[in-house]
Amino acid sequence: MYYYEIYIENNRGIYTYKSKEKYEIGQWCIVNFINRYKMGLILAITEESKIQIDISKIKKIKEAAPVLSIPDNLMQLIKWIRNYYISDYYSVIKAVYPGALKLNYSKKAIYQKDFLENEYLIGEDNSENSLDEIKKFNDYMKKRKEVTIATLKKNFSSKIVEKAINEKVISIEKKVILNSKISKGEKKKSEIAEKEIILNDEQQKAVDTIKNSENQIFLLKGITGSGKTEIYINLIKESLKQGFGSIFLVPEISLTVQMIQRLEEEFHNEVAILHSKLTDKEKREEWTFIRNGEKKIVIGARSAIFAPVQNLKYIIVDEEHENTYKQENNPRYHVKNVAIKRAFLQNDNLEEDETVKSKKIKVILGSATPSFETYYQAQQGDIELVELTKRYKNAKLPKFEVIDLNETAENFSEKLLDKISQTLKKNEQAILILNRKAFSNLLKCKDCGNIPTCPNCSISLNYYKYDNQLKCHYCGYETQFNSTCDECGSHKMRQIGAGTEKIEEELAGLFPSARIVRVDSESIKTKQNYEKVYNDFKNHKYDIMLGTQIIAKGLDFSNVTLVGIINADIILNFPDFRASEKTFQLLTQASGRAGRGEKDGEVIIQTFNGENDVIKKTIESDYEGYYKNEMIIRKMLNYPPFGRIVILVISATEENLAKEKAQTLRKEIVKNIDTVVKLTTNNFISDAFKSPIYKINGRYRYQIFFKFERENILKIKKIIKKCAGKFQKTEKKLRITIDVDPINMM
DNA sequence: AGCACGCCGACT
DNA sequence: GTCGGCGTGCTC
């Protein structure tokens with residue numbers, strides 16, 4: 001008899017089942033759980049002696065489930081993520097294995113005997129219709145022997161079905177049915193584009209380095225327009241010819257239209273594109289194709305890192321500095337971390353032979369402005385740095401100009417207005433960026449000073465003029481704006497902090513003949529929307545594209561010669577140690593939109609902080625210099641990449657409860673840690689303090705901030721896990737979230 | 001203190 | 001769905 005540790009679908013616990021059959025780790029099976037058949041995943045095989053519970057309670061596994069198993073390397077990855085991010089099997093497996101692949105359960109009716117027609121008629125409906133129905137029922141059942149209850153109910157009255165059950169004409173059995181019917185659409189023969197990609201010397205050198213190096217992790221640092229994509233495609237293509245697959249990760253599928261079109265052109269039906277909009281059926285098909293090795297290239301956002309690609313060779317994380325690579329709910333993993341772990345896990349498992357080198361997975365992190373944490377690893381030699389310094393087709397870098405907003409009361413400085421007019425006159429295009437949607441950030445009453453705030457969150461409501469609503473960006477709360485102050489009834493509500501909607505209005509007033517398009521998450525709700533706007537702008541159906549940071553990235557328009565940053569300070573003021581790094585990235589990325597074609601580009605940055613080092617280093621295009629300055633501060637304060645951070649958020653609907661319990665939990669953790677690591681400024685636990693966003697969705701939030709030397713972090717995480725777990729068991733009203741290596745500090 | 005009752009979470 | 005643990009509130 002074998003004993004197995006089993007994860008049961010949609011259940012938080014791990015249970016022991018037994019079987020005479022041998023099951024593999026990662027295989028799915030059917031088990032009886034609370035009188036229901038459920039899918040179970042084999043996590044481990046255990047020895048009888050190690051079982052904690054009463055062995056007589058242990059049930060038998062019913063049978064193997066007829067679904068594809070999770071490959072061994074992904075099972076190891078699941079276990080690692082659960083451990084590293086202080087998560088649980090339930091959340092991690094949900095993230096890794098698409099729900100669409102699961103089994104369904106339906107009740108089946110099994111033929112037992114015929115209805116005795118006369119018997120049925122006594123005291124019942126004896127019309128012609130019902131006699132016919134009885135006959136039909138009998139014939140039906142006799143022929144099919146078994147049929148789902150759902151089908152029966154569709155074809156017969158509920159009365160007759162009920163009667164059939166009562167008189168044991170049919171018996172009911174719960175049957176497991178496979179939800180993963182794959183349509184037998186034949187995969188077409190591979191038709192890889194044979195179009196030759198011409199690489200310049202620098203690109204060719206980069207390709208050769210990545211191919212031939214003994215290293216497994218690479219940082220491809222290349223300024224915008226230096227042609228990283230060609231390098232990716234070249235590597236994927238070459239490895240594909242030898243039967244290897246690749247995973248290509250992008251920050252957000254809907255915003256990377258160009259990249260995806262490009263890869264589809266190159267690889268046609270070898271490509272599976274994974275994204276959240278796929279239907280269940282599509283997800284099943286794609287997963288199965290990938291698992292069976294019929295599709296070898298996967299493109300997708302974050303979760304595509306879990307694609308069961310066969311003979312995986314390259315994992316490419318494009319725009320590796322992007323925040324969207326960090327999942328903001330449990331499991332709070334960072335895809336970069338997971339990608340590297342996946343590569344190492346698999347590489348370590350390889351059989352040592354002469355082909356081992358060619359089978360090793362390589363991870364390529366690509367960016368024009370690498371996150372400082374990645375760049376630090378490259379400096380340390382943990383990651384091999386591959387640099388591209390020439391702009392593709394020798395396009396020049398744009399010219400910068402900084403405008404001090406202290407000198408003007410307007411949203412547009414004279415200089416920026418002048419530059420926009422000139423651009424329009426030359427029949428060229430401009431991109432204007434403001435990292436704030438809505439019409440205004442907040443409203444403030446001139447008479448009493450009241451600021452309308454979300455009732456669920458401690459956040460001022462944003463004002464949207466187009467539908468005259470006040471909206472909360474955190475919980476989605478919306479309310480009609482009636483032009484008066486709720487507190488004092490005054491009509492003088494001042495708009496503070498202009499958003500894209502307002503800028504659009506001003507712009508239309510200033511340049512009445514210009515064709516303007518606004519792009520932010522409010523105006524672009526679907527991928528189709530985005531693609532249309534993108535193509536229309538490219539075809540010069542618009543003169544000015546105005547938008548939030550979503551237009552700062554990756555767009556390639558050769559006729560854009562002016563980029564204007566309306567206000568560079570918005571991110572800079574966030575309570576986040578990465579705020580200035582993020583600002584540097586945004587400004588650099590944005591300026592890369594200018595001058596991608598033959599014409600020279602120009603960038604105008606409007607800011608209240610012209611003297612800030614970030615702005616200075618941006619206009620000097622001095623990544624290295626800014627990195628060095630920032631590292632001095634990080635080192636001094638022991639922030640990543642030096643120290644490690646964990647944030648614990650304790651929330652409750654009752655304000656006092658959240659506060660008190662957060663303090664209690666903190667004390668408990670401090671007590672435990674105190675015996676293991678001496679607390680200093682570098683090994684630090686904050687008080688339980690109000691989160692920067694104190695209230696979200698009706699829950700009051702307190703957080704505890706942990707900052708520790710790297711070598712202590714394992715011990716610390718263990719203690720946090722233990723204490724928080726114990727605490728959560730007794731404190732049901734509290735919600736505790738643990739964020740390891742947080743990106744969002746609010 | 002002892003017991004009935006009802007709520008809620010666990011169920012291998 | 002059903003069992004048991006726990007908190008509450010009533011009674012001795």
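Below, chain A is the first sequence line, B the second, and so on; all start at residue 1.
For Y333(A) and F306(A), the gap between ring centers is short of 6.0 Å.
At a threshold of 4.0 angstrom between heavy atoms, the contacts of I53(A) include nucleobase atoms, whether or not backbone atoms are also involved.
Atom pair Y37(A):OH and dC11(B):P shows a separation of 20 Å (rounding to whole Å applied). Rounded to an integer number of Å, the gap from Y15(A) OH to dC11(B) C1' is 6 Å. Rounding to whole angstrom units, CG of residue N11(A) and P of dT12(B) are separated by 11 Å. Here dT12(B) presents its C1' atom at 16 Å from CG of L41(A), a figure rounded to the nearest Å. Here the C1' atom of nucleotide dC11(B) and the NZ atom of K59(A) are 8 Å apart, to the nearest Å. Taking atom CG on N32(A) and atom P on dG1(C), their separation rounds to 15 Å, with Å as the unit. Between the P atom of dT12(B) and the NZ atom of K38(A) lies a distance of 14 Å, rounded to the nearest Å. Rounded to whole angstrom, the span from the OH atom of Y17(A) across to the P atom of dC11(B) amounts to 10 Å.
Between K283(A) and E286(A) no salt bridge is recorded (no basic side-chain N to carboxylate O distance below 4.0 Å).
For the pair K62(A) and Y37(A), the cation sits on the ring face: its NZ or CZ lies under 6.0 Å from the ring centre, inside 45° of the axis.
Residues K661(A) and F727(A) meet the side-chain proximity criterion, which asks for heavy atoms closer than 4.5 Å. The side-chain heavy atoms of K690(A) and Y702(A), taken from C-beta on, include a pair separated by under 4.5 Å. A heavy-atom distance below 4.5 Å is not found between the side chains of I459(A) and K695(A).
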Please write out each protein N/O paired with an N/O of nucleotides 7-9 of chain B under 3.5 Å, distance rounded to 0.1 Å.
none

